[in-house]
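Note that ligands are numbered from 1 as they come in the structure, with each ligand's atoms numbered from 1 the same way. The model shown is predicted, which means the values in this text are computed figures rather than measured ones.
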Amino acid sequence: MTTSVRTRFAPSPTGFLHVGGARTALYSWAFARQAKGVFILRVEDTDLERSTQDSVDAILEGMKWLGLEWDEGPFFQTQRMARYKEVIDQFLAEGKAYLCYASKEELDELRKQQMARAEKPRYDGRWRDSKTTPPAGVRPVVRFKNPLSGGVTFDDLIKGPITVSNAELDDLIIARSDGSPTYNFCVVVDDWDMGITHVIRGDDHVNNTPRQVNMLAALGAPLPAYAHVPMILGADGERLSKRHGAVSVTQYRGEGYLPEALLNYLARLGWSHGNEEVFSMKQFTEWFDLEHASRSPAQFDPEKLLWLNQHYIKLADDDRLAGLVEPELRKRGLDTARGPSLARVVALLKDRANTIPNLAEAAALFYGDGVPEPALLRQHLTGQVRPAMLLLKSKLEALEAWDKVAISAVIKVVLGEAGLKMPQLAMPLRVLVAGRTQTPSIDAVLELLGRETVLGRLARHLSPE
Ligand code: GLU
């Protein structure tokens with residue numbers, strides 16, 4: 001019988017959903033989706049001092065925004081304390097763990113001596129098989145009996161085979177003196193209970209794996225396969241951090257990135273499929289494999305992400321974009337109810353925008369009053385242009401159908417009659433109707449602004465002096 005694939009994403013809620021975490025989540029998710037398996041979300045919140053509800057919320061929100069839907073969970077480690085206690089008791093009863101009464105002073109002394117001998121500081125197992133009567137009034141910790149000989153070998157699906165000698169590993173504390181279970185132990189119990197078949201996680205955890213493997217073996221639990229994903233670096237080769245700019249998923253959303261752009265970018269960052277750069281998540285879940293995950297760290301390239309964002313904005317549905325742009329315009333004090341349909345406006349502009357605020361910036365032109373600065377007006381509405389503008393106004397007034405084909409035809413006629421070249425008319429026309437010199441093609445702008453607005457704006461500047 002083949003076991004079906006079960007993967008998990010196990011964030012610690014001590015900050016926002018970092019792009020590194022999002023990429024690990026994405027790989028775990030895609031691996032499960034491809035295998036028609038199960039993707040589990042587990043919140044590792046046992047560090048009570050550093051875990052916050054805000055962070056839990058931000059992580060769940062980030063995952064939802066990216067569309068990384070989980071099939072089971074979210075499970076919270078803080079709600080599984082009774083289960084951890086049960087396994088600790090089981091370990092103690094089976095002699096696979098023991099109580100250690102060594103005091104902090106004793107351990108500090110041990111460490112000092114080891115350092116003096118240039119040895120790696122490690123617990124020496126003094127309570128492992130001790131028959132000594134425990135000191136009164138000391139609350140012990142529980143330590144796992146790590147095997148004394150041999151070693152741990154696992155075949156990392158990204159890094160290849162990894163072997164660590166048990167002599168390198170000391171007896172890990174699995175419960176503190178207050179009874180609370182420790183991090184590596186909780187991960188082991190959870191991976192076992194949740195039937196995880198593939199642990200895909202950041203390679204900052206690779207050193208934990210041998211200890212976790214030993215504990216799983218002691219539990220008689222099947223070992224999952226491990227895949228440790230190399231980290232993400234900034235342009236300077238340092239580990240990606242806030243210094244490098246946006247690193248949280250929420251921040252990218254706030255800055256006007258589309259989730260599909262970020263997903264595509266993260267999918268490709270540290271994994272490749274031939275020369276493919278642009279692909280959907282459907283394709284990604286078909287193609288994804290750990291063999292093509294990079295063994296070396298990946299470098300984060302904000303420019304490439306921006307390029308992908310531009311690509312996806314171009315492809316995005318107009319109504320969806322309008323929904324994203326509208327709040328941005330509102331922030332600028334603009335009311336989209338007073339003006340052309342925002343969906344039509346974004347349809348005109350989306351080919352040239354690389355973020356949502358950028359698109360909003362361009363769309364703002366259709367919802368402002370379009371009044372030019374006096375100096376700009378003086379510069380463009382010259383004595384030479386004024387008669388042509390009046391002619392254009394009267395021809396536009398006479399137009400039956402207000403669409404860009406008809407408008408464009410009228411502009412051509414006026415150019416011919418006035419003996420002007422396109423920019424000589426289009427520039428002042430932009431200034432008069434839009435209050436600025438940069439706009440998309442002028443016929444499309446006039447069409448969208450609408451007859452009444454355009455004629456009204458022309459009239460306000462062309463009234464007889
Ligand atoms: N909670 C760990 C983290 O956020 C992940 C542990 C794991 O995936 O095993 O880094």
* Salt bridge or not for Arg50 and Asp47, using N-O below 4.0 Å? -> yes
* To do: Kindly assign one of parallel, tilted or perpendicular to the pair Phe185 and Phe91, based on the angle between their ring planes and the thresholds 30° and 60°.
  => tilted
* Asked: Which residue and non-hydrogen atom of the protein lie closest to atom 8 (O) of ligand 1, and at what distance in Å?
  -> Arg8 NH1, 2.7 Å
* To do: Could you find the nearest protein heavy atom to atom 10 (O) of ligand 1 and give me its residue, atom name and distance?
  => His205 NE2, 2.8 Å
* According to the interplanar angle, ranging from 0 to 90°, do the rings of Tyr257 and Tyr252 count as parallel (below 30°), tilted (30 to 60°) or perpendicular (above 60°)? -> perpendicular
* Considering only heavy atoms of Ser12, which atoms of ligand 1 have at least one such atom less than 4.0 Å away? -> 1 (N), 2 (C), 3 (C), 4 (O)
* Side chain, backbone, both or neither: which part of Pro11 has a heavy atom under 4.0 Å from ligand 1? -> backbone
* Asked: Relative to the heavy atoms of Glu44, which atoms of ligand 1 are at a distance of less than 4.0 Å?
  -> 1 (N), 2 (C), 5 (C), 6 (C)
* To do: For ligand 1, note which part of Tyr183 has a heavy atom under 4.0 Å away: side chain, backbone, both or neither.
  => side chain
* **Asp71: side-chain contact (heavy atoms from CB on, under 4.5 Å) partners, not counting sequence neighbours** => Arg33, Val38, Phe39
What pairs of donor and acceptor atoms, side-chain ones from residues 57-67 against any protein atom, are under 3.5 angstrom apart with sequence neighbours left out?
from: Asp57; atom 1: OD1; to: Gln53; atom 2: NE2; distance (Å): 2.9
from: Glu61; atom 1: OE2; to: Arg253; atom 2: NH2; distance (Å): 2.5

* Structure fact -> When distances are taken from atom 5 (C) of ligand 1, the protein heavy atom at minimum range is Ala10 O, 3.2 Å
* To do: Before signing off on this row, confirm whether Arg201 and ligand 1 have an N or O atom pair separated by under 3.5 Å.
  => yes
* What is the ring orientation for Phe288 with Phe31, classed by angle as parallel under 30°, tilted 30 to 60°, or perpendicular over 60°? -> perpendicular
